[in-house]
2 protein chains.
Amino acid sequence: MAYRKTPAEIRRLEAAREHLVVCATEVVADVGWAQASVTAVADAAGIAAGSVYQHFSSKSALAVEVFRRAAQREVDVLGDVLEGEGDPADRLRRGVEVFARRALENHGLAYALLAAPAEPAVGAERLAFRRRYRALFAAVIDEGVAADRFPGQDAEITAAALTGAIGEVLVYPLSTSAAQDADLLVAELTAVALRCAGAAP
Amino acid sequence: MAYRKTPAEIRRLEAAREHLVVCATEVVADVGWAQASVTAVADAAGIAAGSVYQHFSSKSALAVEVFRRAAQREVDVLGDVLEGEGDPADRLRRGVEVFARRALENHGLAYALLAAPAEPAVGAERLAFRRRYRALFAAVIDEGVAADRFPGQDAEITAAALTGAIGEVLVYPLSTSAAQDADLLVAELTAVALRCAGAAP
DNA sequence: GGAACCTCTGAATGATGGTTCACTTCTTTC
DNA sequence: GAAAGAAGTGAACCATCATTCAGAGGTTCC
């Protein structure tokens, strides 16, 4: 009966874990999953490589946590807009817009979430989150179809197409003029997305 | 001067190299890049691991060759249709259709080409081929815009969106009913693609 | 047949990077 | 202050493969 974690100690440990996740996220956004070795991440957090294993059972577990946190934020933001009030077409437009702006603001993280090569565990997580994006888009499209704002269509397929289209445009370098100007890019992307769903021009 | 490769010997070596590439492609389509170790590929081709290095300077070089061959076939087929005769909207429809059918017929290879985690050299190759798909689509879209079949738009962005949309729909498992029926899936996908470009319904 | 040169083999080598662990350092409790 | 136990360290360890290489087995040409 000589040692019990005091509340302050527990908080300190939780903060250390949190700090590790945040630093790992930065490293991943900076250099991608492949380059984010345990040593690199530990260095960034100012701890020894071995100490990572105080907080996570494996590198995979840490990577999954990093992915989940970041991806969940995007799902939440997108969900707030897509499930909000108003005309489905308008919500779709605003959803694409907000998603695109966030991705452009933090391109490294967007790339890591959407496309960067990653270990299988992260790949599985990515798949799960893609399904969630798709479900959010599909719901709006179904609503729009029901309200006669969009033509009849398989909402799941359109939603998948939207997910892919948005990701591709945001993540890969374009040589077009719009690539220089974020506003223009976002405007073109929302226009494509609305056409994709069949919204009246 | 006691040894010069006889034509038959040269042919035999070329055939061996060819056979290796074909077998490697099958392995990759089957199990993905990550699992396609030099040993696995050599086993599939019925040769020793070391013999791979008779034909390729590194595993990367072999992987790049495998990717290029397969991707080039798709670019050729798509290019034939998109650059053919006729109405731009119709060519776009047929292009998406043929691309989709081929991907669905050889799903493993399509996944390997479009999305499967791969080493950096293959990733770079993939990027280059994506640009080529994009260029093909962009040309048709520009034509369609010029011919007033599509509304004004940044063709590069629409083309990127198309590439992403098509890839996403074909490569990731869908839970919708259309996923069961290839014809239905292709029909929905071409419809989305045409809407994406803004073709009149 | 045999000298010269090649292809093929597969076990040994080497690089990379996650994981472990003996040890040090810090916290708690008495 | 000292015992008990936890957190933190970082060098050693280990698994995984790509790559090499010394030897075996062919092929060419005189």
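All of these numbers come straight from a predicted model, not from anything done at the bench.
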(request) Examine D:dG5: is either OP1 or OP2 under 4.0 Å from a nitrogen or oxygen in the side chain of A:Lys5? Give yes or no. (result) no

(request) List for me each residue that meets salt bridge (charged side-chain N to carboxylate O under 4.0 Å, His left out) alongside A:Arg195, sequence neighbours excluded, and say none if there are none. (result) none

(request) Using atom CG of A:Asp43 as one end and atom P of D:dG8 as the other, report the distance to the nearest whole Å. (result) 16 Å

(request) Find the distance A:Leu13:CG to D:dG5:P and express it as a whole number of Å. (result) 18 Å

(message) To check you understand the geometry: which heavy-atom pair defines the closest contact between A:Glu119 and A:Ala63, and what is its length?
(response) OE2-CB, 3.5 Å

(request) Please state how far atom CD1 in A:Ile10 lies from atom P in C:dT27, giving the value in whole angstrom units. (result) 15 Å

(request) Could you tell me the separation between the CG atom of B:Leu62 and the P atom of D:dC17, rounded to a whole number of Å? (result) 16 Å

(message) Main chain of A:Ala159, side chain of A:Thr163: is a donor-acceptor contact present, judged purely on distance under 3.5 Å?
(response) yes

(request) Taking all heavy atoms of B:Asp142 and all of B:Ala155, pick out the closest pair and write down the distance. (result) OD1-CB, 3.4 Å

(message) Tell me which pairs pass ring pair (Phe, Tyr, Trp, His ring centres under 6.0 Å) where either residue lies in residues 40-84 of chain A, with sequence neighbours left out.
(response) A:Phe67-A:Phe129

(request) Return yes if a side-chain donor-acceptor contact under 3.5 Å exists between A:Gln153 and A:Thr158, otherwise no. (result) yes

(request) Give the minimum heavy-atom separation between B:Asn106 and B:Ala29, together with the two atoms involved. (result) OD1-CB, 4.4 Å

(request) Of all the heavy-atom pairs spanning B:Ala89 and B:Leu194, show the shortest one and how long it is. (result) O-CD2, 3.5 Å

(request) Determine: side-chain N/O of A:Arg4 to OP1/OP2 of C:dC30, distance under 4.0 Å, yes or no. (result) no

Do any N or O atoms of the protein come closer than 3.5 Å to N or O atoms of nucleotides 12-18 of chain C, and which pairs are they?
from	atom 1	to	atom 2	distance (Å)
C:dG18	OP1	A:Lys59	NZ	2.7
C:dG18	OP2	A:Val38	N	3.0

(request) Starting from P on D:dA6, measure out to CD on A:Glu9 and report it in whole angstrom. (result) 12 Å

(request) Give the rounded distance in Å between these two atoms: CZ of B:Arg11 and P of D:dT27. (result) 15 Å

(message) Given B:Arg91, which partner from the list B:Glu85, B:Glu143, B:Glu83 fulfils the salt bridge (Lys or Arg N to Asp or Glu O under 4.0 Å) test?
(response) B:Glu143

(message) Below 4.0 angstrom, which residues in residues 15-33 of chain B have at least one non-hydrogen atom near DNA chain C?
(response) none

(message) A:Arg102: which residues meet the salt bridge (charged side-chain N to carboxylate O under 4.0 Å, His left out) condition with it, sequence neighbours left out?
(response) A:Glu74

(message) Whole angstroms only, please: what is the NE2-C1' distance between B:His55 and C:dT9?
(response) 13 Å

Enumerate all atom pairs, one protein N or O and one N or O from nucleotides 9-15 of chain D, separated by less than 3.5 Å.
from	atom 1	to	atom 2	distance (Å)
D:dT9	OP2	A:Ala48	N	2.9
D:dT9	OP2	A:Ser51	OG	2.6

(message) Looking at every non-hydrogen atom in both residues, tell me the closest pair between A:Pro88 and A:Val140 and how far apart they are.
(response) O-CG1, 3.5 Å

